[in-house]
Amino acid sequence: MGLNDTPSGERLHIGFFGRRNAGKSSLVNAVTQQETAIVSSEKGTTTDPVFKAMELLPLGPVMLIDTPGFDDDAGTLGRLRVKKTRQILNKTDIAVLVIDSNTGITPSDEELLALFREKAIPFLIAWNKCDKRNVWPKPSVENEILVSAAKKSGIEELKEQLTRLVPAEKNRTFIRDMLSPGDLVLLIIPIDKAAPKGRLILPQQQAIRDILEANALPIVCRESETAIALENLKKPPVLAVCDSQIFKKAAASVPSAIPLTSFSILMARYKGFLNEAVEGAAALAHLKNGDRILIAEGCTHHRQCNDIGTVKIPHWLKEYTGKQLHIETSSGHSFPDELGNYRLIVHCGGCMLNQREMMYRMKCAKDQGVPMTNYGTLIAHLHGILDRSLRLFPHLAAKVREKP
């Protein structure tokens with residue numbers, strides 16, 4: 001992964017939904033100008049969501065998702081397909097409802113429209129096969145367009161329509177809005193067994209890119225060279241950012257006059273749930289023996305012997321609370337539907353999840369009354385430096401100081 005590559009969590013997720021044989025896969029192929037999805041006249045050809053990452057003008061980096069037919073509820077397999085399609089909605093930034101214009105709108109289409117509105121997903125209705133259509137009454141809904149995937153007509157207009165539906169939060173920044181041209185930013189990055197060989201992890205790449213785009217200067221060092229880096233700077237950095245795992249070491253090395261935070265805390269802010277993460281960390285004071293804790297990660301990776309999610313955080317939690325806690329883990333796209341039995345959810349930074357999915361997980365926890373925090377916020381709290389790590393966000397730092 002290079003600095004110019006766009007991770008999946010940063011791509012605009014566009015999902016194509018509709019009934020079987022409405023032409024979803026054909027339309028995805030027409031939009032990508034590639035044989036992205038298998039096309040057949042037989043109903044139910046798409047059995048699992050198909051993901052296609054690409055650069056799509058004028059939208060930029062996108063993730064196109066071709067979903068199974070929403071009307072396929074026959075048998076166990078069909079119901080699983082519909083369930084999978086519903087799950088895709090939780091990560092969809094823009095939805096395209098594909099309707100066979102000869103068939104017209106059906107109850108399953110109406111159900112999808114209701115789900116789009118319920119989840120506040122911007123949507124576009126693509127009346128497909130318009131080259132073959134008879135006269136049909138158009139329903140009174142917004143954002144409609146006539147297309148023919150077979151004839152490749154209306155495709156450019158569809159892309160233009162999608163551009164107008166891009167959510168405003170897609171223009172947010174990771175750290176750039178806190179910097180001025182010429183500012184120095186110290187990035188403290190550990191290189192250990194868990195670090196991917198030959199590259200930096202995504203939040204570190206994202207920070208460097210954002211600093212450069214702010215016309216500021218990133219200074220990168222390992223935790224063992226922090227003091228040397230600071231001594232060689234003519235002026236102190238306006239900010240220091242470290243990996244969550246070395247928060248305690250970084251706090252001891254970086255003078256208190258320099259604001260210090262972590263990549264994970266910045267990621268929580270970037271994804272839109274830092275306030276909830278700070279509130280969730282306060283739940284540590286109320287944990288009891290036998291409480292269940294869920295540690296959730298948005299990606300899957302090879303576990304190292306001292307893995308942060310399965311080894312370090314469980315150890316720190318038990319050491320801090322002095323309680324016998326039951327720790328469970330989940331990773332990748334699997335996130336439990338039922339959360340009510342947990343007393344706390346600790347989530348990773350979510351760099352591989354888009355904002356909509358991250359906020360969906362946060363909402364699920366909130367709806368079921370379960371506090372949720374993230375790695376960086378929790379670790380700062382466990383090490384007694386959460387107040388300092390939130391100095392950049394005074395309203396949140398004040399909230400921490402108010403806690404008993």
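Only heavy atoms go into these numbers, but all of them, side chains included; no hydrogens, no water, no symmetry mates. Everything numeric in this text was worked out from a predicted model, so none of it was measured.
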Min side-chain heavy-atom separation V147-S153 under 4.5 Å: no
What are the two closest heavy atoms between M267 and C351, and how far apart are they? CE-CB, 3.6 Å
What heavy-atom pair brings C242 and L260 nearest, and what distance separates the two atoms? SG-CD1, 4.2 Å
Sidechain-backbone polar pair: T67 side chain, F16 backbone, donor-acceptor under 3.5 Å: yes
Between E328 (side chain) and L294 (backbone), is there a donor-acceptor pair under 3.5 Å? no
For residues P58 and E160, report the shortest heavy-atom separation together with the two atoms involved. CG-OE2, 4.0 Å
Between P218 and L212, the two heavy atoms sitting closest are CD-CD2, 3.8 Å
Going by the angle between their ring planes, with limits at 30° and 60°, are W316 and H383 parallel, tilted or perpendicular? perpendicular
Verify, without hydrogens or angle tests, whether K271 (side chain) and L353 (backbone) share a donor-acceptor contact under 3.5 angstrom. yes
In the structure I gave you, are the side-chain heavy atoms of L162 and V96 within less than 4.5 Å of one another anywhere? yes
Of all the heavy-atom pairs spanning C221 and L186, show the shortest one and how long it is. SG-CD1, 3.9 Å
So, T92 side chain and A95 main chain: donor-acceptor pair closer than 3.5 Å or not? no
Is the centre of the F116 ring less than 6.0 Å from the centre of the F17 ring? yes
Hey, is NZ on K248 packed in by over 12 heavy atoms from elsewhere, all under 6.0 Å? no
Are any side-chain N or O atoms of R20 and backbone N or O atoms of P68, one a donor and one an acceptor, separated by less than 3.5 Å? no
Is the side chain of D291 donor-acceptor paired with the backbone N or O of R343 at a distance under 3.5 Å, no angle test? no
Under 3.5 Å donor-acceptor, Q368 side chain and L339 backbone: yes
Main chain of S264, side chain of N374: is a donor-acceptor contact present, judged purely on distance under 3.5 Å? yes
Tell me the closest heavy-atom pair linking G298 and R361, and the distance in Å. CA-NH1, 4.3 Å
Whether the side chain of D183 engages the backbone of A216 through a donor-acceptor N/O pair (distance < 3.5 Å, no angle test) should be reported. no
side-chain contact (heavy atoms from CB on, under 4.5 Å) with N90: which of H13, K363, K119, R356? K119
Test your reading of the model: is there a side-chain donor-acceptor pair from D100 to the backbone of G23, 3.5 Å cut-off? no
